[in-house]
Amino acid sequence: MCVGDDEKWMRMAIEVARSKGSDPASSPLGCVIVLDGKVIAAERNQTQELPDATAHAEMMAIRRACEGIGEMELRGATLYSTLQPCGMCTMASIWSKVGRVVYGAGRNEVHRMYFEARHVDTLHFIADAYRDDLEIHGGCLADECAGLYYSPDADVPIEEQGNL
């Protein structure tokens, strides 16, 4: 569900994701970080190009945002991601003190290859364990975001699946 300007910023995250192309095999993930109504970072998944397993869209956006404002903390910022953040990206949001995480497609709207194989809901587990003040909102433009990825019932060859 989108509230306030969430739809505007999520549409931007979708465009960032599509800048890599629309093939779901390339994990077209987009992330935008907004502080005081201004975009301070907009990045896409770059794991293959760099190559760097930590170069998820959220990680790259947090790095750029912190560099841009010259601070390690992003208090008051909202992170918009086209896909529910993984455990690593959620922890980075927590350590960087992001105030809100808004995501589009959740783990049930996309193929299981995009998430941890054991189906642990890391987003809420980590938020509950570390911060009481982190707001998490899922489902903002969920259908549009899910369209970027393989569907839950897609027949994806095992050699092309990540995380499994």
Query raised in the report: Should Ile62 and Leu74 count as side-chain neighbours, where that means a heavy-atom distance under 4.5 Å?
Result: yes

Report summary line: Residue set satisfying salt bridge (charged side-chain N to carboxylate O under 4.0 Å, His left out) with Arg75, at least two apart, ordered chain then number -> Glu73

Requested in this report: Taking Thr82 for its side chain and Gly30 for its backbone only, find out whether a donor-acceptor pair lies under 3.5 Å.
Outcome: yes

Query raised in the report: Can any side-chain N or O of Glu109 pair as donor or acceptor with the backbone N or O of Ala146 at less than 3.5 Å?
Result: no

Query raised in the report: Between Asp153 and Arg112, is there a side-chain N and carboxylate O pair less than 4.0 Å apart?
Result: no

Report task. Measure the NZ-CG distance between Lys8 and Leu141 for me, rounded to the nearest 0.5 Å. Result -> 14.0 Å

Query raised in the report: Hey, does the side chain of Ser22 reach the backbone of Arg18 with a donor-acceptor pair shorter than 3.5 angstrom?
Result: no

Report summary line: Quick note, salt bridge (Lys or Arg N to Asp or Glu O under 4.0 Å) partners involving residues 139-149, not counting sequence neighbours, are Arg11-Glu144

Query - salt bridge (charged side-chain N to carboxylate O under 4.0 Å, His left out) involving Glu71 - partner list, sequence neighbours excluded - result: none

Query raised in the report: Looking only at heavy atoms, which two atoms of Tyr150 and Pro24 are closest? And how far apart?
Result: N-CB, 3.5 Å

**Report entry** Apart from Met72 itself, residues in the same hydrophobic cluster as defined by side-chain heavy atoms under 4.5 Å
**Finding:** none

Report task. Evaluate whether atom CD of Glu67 has more than 12 neighbouring non-hydrogen atoms of other residues, nucleotides or ligands under 6.0 angstrom away. Result -> yes

Query raised in the report: Do Ile40 and Val34 come within less than 4.5 Å of each other through their side chains, counting heavy atoms only?
Result: no

Query raised in the report: Other than Leu50, which residues form its hydrophobic cluster under the rule that side-chain heavy atoms must be closer than 4.5 Å?
Result: Met60

Report task. Return yes if a side-chain donor-acceptor contact under 3.5 Å exists between Thr54 and Arg63, otherwise no. Result -> yes

Query raised in the report: Should we count CG of Asp23 as having more than 12 external heavy atoms under 6.0 Å?
Result: yes

Query raised in the report: Which class fits the ring pair Trp9 and Tyr80: parallel under 30°, tilted 30 to 60°, perpendicular over 60°?
Result: tilted

Query - Cys145 and Cys140 SG atoms under 2.5 angstrom apart - result: no

**Report entry** Residue pairs, two or more places apart or on separate chains, that pass salt bridge (Lys or Arg N to Asp or Glu O under 4.0 Å) and touch residues 50-60
**Finding:** none

